[in-house]
Visitor: 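Encoded as structure tokens, here's the structure I'll be asking about.
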Number of protein chains: 2
Amino acid sequence: MTPAPAPAYVPAPPPHVRILVCDDHTVVRAGLLALLGSAPDIEVVGEAGTGEEAVALAAKLTPDVALMDLQLGPGIDGVEATRRISATGVRVLVLTTYDTDADITRAIEAGATGYLLKAERPEELFAAIHAAAQGRTTLSPPVASRVMAQMRSPRPTLTDRERDILGQLAHGLGNREIARALFISEATVKTHLGRIYDKLGVDTRAGAVAVAKEQRLLP
Amino acid sequence: MTPAPAPAYVPAPPPHVRILVCDDHTVVRAGLLALLGSAPDIEVVGEAGTGEEAVALAAKLTPDVALMDLQLGPGIDGVEATRRISATGVRVLVLTTYDTDADITRAIEAGATGYLLKAERPEELFAAIHAAAQGRTTLSPPVASRVMAQMRSPRPTLTDRERDILGQLAHGLGNREIARALFISEATVKTHLGRIYDKLGVDTRAGAVAVAKEQRLLP
DNA sequence: CCGGGGGTCGGCCGATCGGTTGATGCGGGG
DNA sequence: CCCCGCATCAACCGATCGGCCGACCCCCGG
């Protein structure tokens, strides 16, 4: 893990961290730039307003850490950007508003090094950036709690097909309509629905839609 | 409209604006402070992380403009804070992420002077703050569009009772259960449901829940 | 080679839903 | 004073849903 043998007792040779800021909200991004500019050991080397920009800039600038919002308007979303950027070896520190189970799980699976909420204190953000630069992970307390809870009782994992049915269901379609929309028989729709109810812990279509919207299981 | 007759050709006597920043996300708030601090004609006289704080500080500091996020964790929400602050004569400029019809309508009804999205460019924010200080309203383009659209085709206005039924429906309850929960007969539930379907333009429970969640018609 | 998970079907049946029509009471605005 | 919107309830009926049984196929991994 230590490619170059460090001389004795030099805890952090380069306390200087180069970061890339990605947030689709211009005001927020400008705010972050102004805020991070006040930290002498942090240098913002680039900023992106979309996932595509972030991926391109991360590859070009190879920052120590990419600060990534999960919510990124149109184009590829924060999760996908996180996946691609972290695949290149650049650490990704997620900084977002959402503490939903689904978002957290997907971000972690995508390779995020840390997951911070925007409600966090700025000092925590600074600390997390340095931590991420060294590969250490930082989680906001609420996020940590949810991660723990999730380990204990894993989230309902819907299959692709089940998500298809759920998507149609959320449009208020009946079984026959769903069947026609997906080119399958009505019986198959009912079979899938039954399993969806099981996994979501409900027993009605309306309940399934409510849970799906609640846990952001649909696009 | 011009209480004191201004001497000829002095467009804006005090270009200095005192503002109060309210946002529950500490990082964002710190970012805004850093950003606004870079504008010489804007002075941040206070910051709040909750609606209660914002209301209290607005009364105490009487800023020219209160910059208000709609999403404010626990306690009173941004809409209610907007209502109370603007009732005291302080201009409220909403600065938020959401451009949902429901949010926009409620904020405007609560007395917001302007409605800006966080995706806006910082210069627009500065301009909007000065505009708000003079009582002029600024709307982000997407917001303006939605407002116009809303004027043309008014949103489905559900009665209180219909919202009650819809709330139960979103929990996946059946008609009988809804009836018992609200102490009415099953026939009444069906009557209300029929009207809800009409207003939301759907014809199934699942569809109603989807639309309700989509347009944030429920808490 | 056999097991199992995912996807696809069919049939059955009771319970529920959605639509309709009609009726009552109550409150506010013209 | 009368009308209208809102909430309440009733009875009816066809369509749909939800749960249950069993069945077949394909693919992957042990």
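We use all heavy atoms of the structure for the numbers below, so side chains are in, but hydrogens, waters and symmetry mates are not.
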Visitor: Within residues 163-185 of chain A, which residues have any heavy atom lying less than 4.0 Å from an atom of DNA chain C?
Guide: A:Ile184, A:Ser185

Visitor: Please check this pair: side chain of B:Thr204 against backbone of A:Gly172, looking for a donor-acceptor N/O pair closer than 3.5 Å.
Guide: yes

Visitor: Can you tell whether the side chains of B:Arg83 and B:Asp77 come within less than 4.0 Å, N to carboxylate O?
Guide: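 No, no charged N to carboxylate O under 4.0 Å.
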
Visitor: Does any pair with a residue in residues 47-66 of chain A pass side-chain hydrogen bond (donor to acceptor under 3.5 Å, both in side chains), and if so which ones, sequence neighbours excluded?
Guide: A:Arg29-A:Glu47

Visitor: Restricting to side-chain hydrogen bond (donor to acceptor under 3.5 Å, both in side chains), what partner residues turn up for A:Asp24, sequence neighbours left out?
Guide: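 Residues passing side-chain hydrogen bond (donor to acceptor under 3.5 Å, both in side chains) with A:Asp24: none at all.
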
Visitor: Below 4.5 Å, heavy atoms only, C-beta onward: do B:Val17 and B:Phe126 meet side chain to side chain?
Guide: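 Not touching, per the 4.5 Å side-chain cut-off.
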
Visitor: Run through B:Glu186, B:Lys190, B:Arg205 and flag the one making a side chain to side chain donor-acceptor pair (under 3.5 Å) with B:Asn175.
Guide: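 The option that passes is B:Arg205.
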
Visitor: Are A:Thr188 and C:dC9 close enough that a side-chain N or O sits under 4.0 Å from OP1 or OP2?
Guide: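 For C:dC9, OP1 or OP2 has a side-chain N or O of A:Thr188 closer than 4.0 Å.
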
Visitor: Think A:Thr159 has a side-chain N or O under 4.0 angstrom from the OP1 or OP2 of C:dG7?
Guide: yes

Visitor: In whole angstrom, what separates B:Glu162's CD from D:dC6's P?
Guide: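 Taking CD of B:Glu162 and P of D:dC6, I get 7 Å after rounding.
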
Visitor: With 3.5 Å as the limit, what N/O pairs link the protein to nucleotides 19-26 of chain D?
Guide:
unit_1	atom_1	unit_2	atom_2	d
D:dG19	O6	A:Lys190	NZ	3.1

Visitor: Out of D:dA10, C:dG7, C:dG18, which has the shortest distance to the side chain of B:Arg205?
Guide: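 Taking heavy atoms from C-beta onward, the closest nucleotide is C:dG18.
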
Visitor: Rounded to the nearest Å, what distance is computed from the CG atom of residue A:Asp160 to the P atom of nucleotide C:dG7?
Guide: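 These atoms are roughly 7 Å apart.
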
Visitor: B:Arg180: which residues meet the salt bridge (Lys or Arg N to Asp or Glu O under 4.0 Å) condition with it, sequence neighbours left out?
Guide: none

Visitor: Quick one: salt bridge (Lys or Arg N to Asp or Glu O under 4.0 Å) partners of B:Arg121, sequence neighbours excluded?
Guide: B:Glu123, B:Glu124

Visitor: Can you spot which of A:Leu169, A:Leu182, A:Ile184 makes a side-chain contact (heavy atoms from CB on, under 4.5 Å) with A:Val189?
Guide: A:Ile184

Visitor: Quick check for you: among D:dT8, D:dA10, C:dT8, whose closest atom lies nearest to any side-chain atom of A:His192?
Guide: C:dT8

Visitor: What is the distance, to the nearest angstrom, from the CZ atom on B:Arg195 to the P atom on C:dT20?
Guide: 13 Å

Visitor: Between atom CD in B:Glu186 and atom P in D:dC12, what is the gap in whole Å?
Guide: 15 Å

Visitor: Atom NZ of A:Lys199 to atom P of D:dG18: distance rounded to whole Å?
Guide: 17 Å

